[in-house]
Amino acid sequence: MTDHGPQPVERELPTEEARDLISLVRELIEREIKPRAAEEEAAGRFPRELFTLLSESGLLGLVQPEEFGGGDQPYEVYLQVLEELAAARLTVGLGVSVHTLACHALARYGSKEQRAEHLPAMLGGGLLGAYCLSEPSSGSDAAALTTRATRDGDTWTIEGTKAWITHGGIADFYTVLARTGPERTRGISAFLVPAGTPGLSAAAPEHKMGMAGSPTAQIHLDGVRVPDARRIGEAGQGFAIALSALDAGRLGIAACAVGVAQAALDEALAYTAQRRQFGRPIADFQGLRFMLADMATQIEAGRALYLAAARLRDAGRPFSKQAAMAKLFCTDAAMRITTDAVQLLGGYGYTVDFPVERYMREAKVLQIVEGTNQIQRVVIARALAGPETG
């Protein structure tokens, strides 16, 4: 047996427990995800039963406190689990990242009573979450949101429309950001809204160029009444909660991007090792070998970047700049790497018989979600040079 060709990623993990976790995830992937990934994506089928299994296995609450049913794992471990899942099927990896994002507000800013009441079911009870920040006219400028929550005694009434919501229409709960005051950034609050609340509905899913198995839809809130007990954090604290969630979420996107890129490289390595032209494997030709070397280098660099940011977060240190850098670099790299994988497979890479065309389509969205890569550059530049003066 040769040592060349695709190999399992050698991971730097802090504990034996973490190594066992990665082994469990890899077994689950081989048994439950890989065999059906291509077929289900082609059919636009969301694997809800798989997410129930992930919940029962503790994989939807890895970073949350153990006292509420979480795994108490550091972010550097959680992100490597995400990478493994995304390499097998991005709908799954991104879905876990979005669910974690939807749980973040309550887990970090909710009262002890709120967390005790809701988190166990959200983390291990088979529930699926969605995160509602963006709106049809409020994307990169998130503080411009117009969805409004009006208070009447102990109840809030929410009116508005959210856009580009992953798991829209199939989630069991929605973390909703709504305007509760006139201040641009200090007049926004966060609410935990259960699916099935009267007035909450989903539009038909968007038709996307990739990730057909992951529903993305507008969410309409028409007179949705929510008790004040489901307000998360203080009134007016919602924008700070949203930014905190996005910093962590960007690391999830970075890890997913590395996973997709790794899957593309593995497919390219396998193909170029067995495809023969001019009497020898095409992996012998220097032009192609250099492409493979560049792809692998970008993957290693991206993985190191997101892990460095995760370790800052785990240490309780500021990591916003590093999260933006990781999201920017890893997703741009994934786009390049998946495009190169299609090129390395030639005509076959352009057919649905091989997964690299799907990886290429999926990589594109990662440059857009959780803040476009142009916004990541704004975040990084502000950290380096201060706010714009104009």
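- I232 CD1 to L177 CG: the interatomic distance, rounded to the nearest 0.5 Å, is 9.0 Å.
- With contacts defined as side-chain heavy-atom distances shorter than 4.5 Å, the pair V224/P198 does not qualify.
- With respect to the salt-bridge test (charged N to carboxylate O, under 4.0 angstrom), the residues R36 and E39 do not qualify.
- Within the 3.5 Å criterion, the main-chain N or O of E66 finds a donor-acceptor partner in the side chain of D72.
- Between R303 and V9 the shortest side-chain heavy-atom distance falls below 4.5 Å.
- Note that CG of L123 and CG of L62 are 10.0 Å apart. Values are rounded to the nearest 0.5 Å.
- Between L28 and L53, the closest side-chain pair of non-hydrogen atoms falls below 4.5 Å.
- Clustering ILVMFWY residues whenever any of their side-chain heavy atoms sit less than 4.5 angstrom apart, transitively, puts W164 in a cluster other than the one holding I170.
- Of the N and O atoms on the side chains of S189 and Q237, not one donor lies less than 3.5 Å from an acceptor on the other residue.
- When side chains are defined from C-beta on, I337 does not count as touching V260, because their heavy atoms never get closer than 4.5 Å.
- Side-chain contact, Q262 with D266: a donor N or O sits under 3.5 Å from an acceptor N or O.
- Under a hydrophobic-cluster definition in which Ile, Leu, Val, Met, Phe, Trp and Tyr are linked whenever side-chain heavy atoms come within less than 4.5 Å, directly or via other members, L101 and V258 are assigned to different clusters.
- The closest side-chain heavy-atom distance from Y271 to I282 is below 4.5 Å.
- Here the CZ atom belonging to R26 is positioned 13.0 Å from the CD1 atom belonging to I33, to the nearest 0.5 angstrom.
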> Does the pair L54 and V92 meet the rule for a side chain to side chain contact (heavy atoms under 4.5 Å, CB included), with working shown?
Replying inline: CA-CA 10 Å; L54 294 176; V92 179; 3.9 Å; yes
>> Between E159 and T147, does the side chain to side chain contact (heavy atoms under 4.5 Å, CB included) criterion hold? Intermediate values first, please.
In response: CA-CA 6 Å; E159 299 274 355; T147 294; over 6 Å; no
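- Tested against H99 for a ring-ring contact (aromatic ring centres under 6.0 Å, His included), the candidates Y78, F51, F173, Y131 yield a single pass: F173.
- Between T166 and V369 the shortest side-chain heavy-atom distance does not fall below 4.5 Å.
- Distance check: L106 CG to R115 CZ gives 8.0 Å after rounding to the nearest 0.5 Å.
- A donor-acceptor pair is defined here as one N or O able to donate and one able to accept, closer than 3.5 Å; such a pair exists between the side chain of T175 and the backbone of A102.
- For the residue pair H220 / S201, no side-chain donor-acceptor distance below 3.5 Å is found, with atom types taken as modelled.
- Judged by distance alone, with hydrogens and angles left aside, the side-chain atoms of D314 form a donor-acceptor pair with the main-chain N or O of E76 at under 3.5 Å.
- Results of the side chain to side chain contact (heavy atoms under 4.5 Å, CB included) test with Y306 over R311, K327, Q322, Q80 single out Q80 as the only residue that passes.
- Proximity of a side-chain donor or acceptor of R151 to a complementary backbone N or O of W156 within less than 3.5 Å is not detected.
- The hydrophobic clustering, which links ILVMFWY residues whose side-chain heavy atoms are closer than 4.5 Å, places V176 and I165 together.
- For the pairing with L265, the side chain to side chain contact (heavy atoms under 4.5 Å, CB included) check across L344, I299, V356 returns one residue only, I299.
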Side chains of residues 359-368: which donor-acceptor partners sit under 3.5 Å, not counting sequence neighbours?
| unit_1 | atom_1 | unit_2 | atom_2 | d |
| --- | --- | --- | --- | --- |
| R361 | NE | E357 | OE1 | 2.9 |
| R361 | NH1 | M209 | O | 2.6 |
| R361 | NH2 | E357 | OE1 | 3.1 |
| R361 | NH2 | E357 | OE2 | 3.3 |
| K364 | NZ | Q367 | OE1 | 2.7 |
| Q367 | NE2 | D332 | OD1 | 2.7 |

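- No continuous path of hydrophobic side-chain contacts links L13 to L305 [ILVMFWY only; heavy atoms under 4.5 Å].
- In the hydrophobic cluster analysis, where Ile, Leu, Val, Met, Phe, Trp and Tyr join through side-chain heavy atoms closer than 4.5 angstrom, L128 is grouped apart from F191.
- Using modelled atom types and a 3.5 Å distance limit, the side chains of E135 and T146 yield a donor-acceptor pair.
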Donor-acceptor list for residues 378-390 side chains, cut-off 3.5 Å, not counting sequence neighbours:
| unit_1 | atom_1 | unit_2 | atom_2 | d |
| --- | --- | --- | --- | --- |
| R382 | NE | E388 | OE1 | 2.9 |
| R382 | NE | E388 | OE2 | 3.3 |
| R382 | NH2 | E388 | OE1 | 3.4 |

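- Salt bridge R11/E83: present, at least one basic N to carboxylate O contact under 4.0 Å.
- Counting only heavy atoms from C-beta outward, the side chains of P14 and V77 approach each other to under 4.5 Å.
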Please list every donor-acceptor pair under 3.5 Å in which a side-chain atom of residues 238-252 meets a protein atom from a residue at least two apart or in another chain.
| unit_1 | atom_1 | unit_2 | atom_2 | d |
| --- | --- | --- | --- | --- |
| S244 | OG | H104 | NE2 | 3.0 |
| S244 | OG | R108 | NH1 | 3.1 |
| S244 | OG | Y109 | OH | 3.4 |
| D247 | OD2 | S320 | OG | 2.5 |
| R250 | NE | E370 | O | 3.0 |
| R250 | NE | Q376 | OE1 | 3.4 |

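- M291 CE to F285 CZ: the interatomic distance, rounded to the nearest 0.5 Å, is 14.5 Å.
- The backbone N or O of M211 lies less than 3.5 Å from no partner atom in the side chain of S214, so there is not a single donor-acceptor pair.
- With rounding to the nearest 0.5 Å, the separation of CD in Q277 from CG in D284 is 12.5 Å.
- In summary, R89 and E40 engage in a salt bridge, as defined by a charged side-chain N under 4.0 Å from a carboxylate O.
- Proximity of a side-chain donor or acceptor of Q114 to a complementary backbone N or O of G110 within less than 3.5 Å is not detected.
- T197 contributes no side-chain N or O that, together with a main-chain N or O of L200, makes up a donor-acceptor pair within less than 3.5 Å.
- E41 has no carboxylate O lying under 4.0 Å from a charged side-chain N of R45, or vice versa, which leaves the two without a salt bridge.
- Using a 4.0 Å cut-off between a side-chain N of Lys or Arg and a carboxylate O of Asp or Glu, D172 and R48 qualify as a salt bridge.
- Side-chain atoms of L145 and R179, non-hydrogen and from C-beta on, do get closer than 4.5 Å to each other.
- A cation-pi contact, defined as under 6.0 Å to the ring centre and within 45° of the axis, links R313 to Y75.
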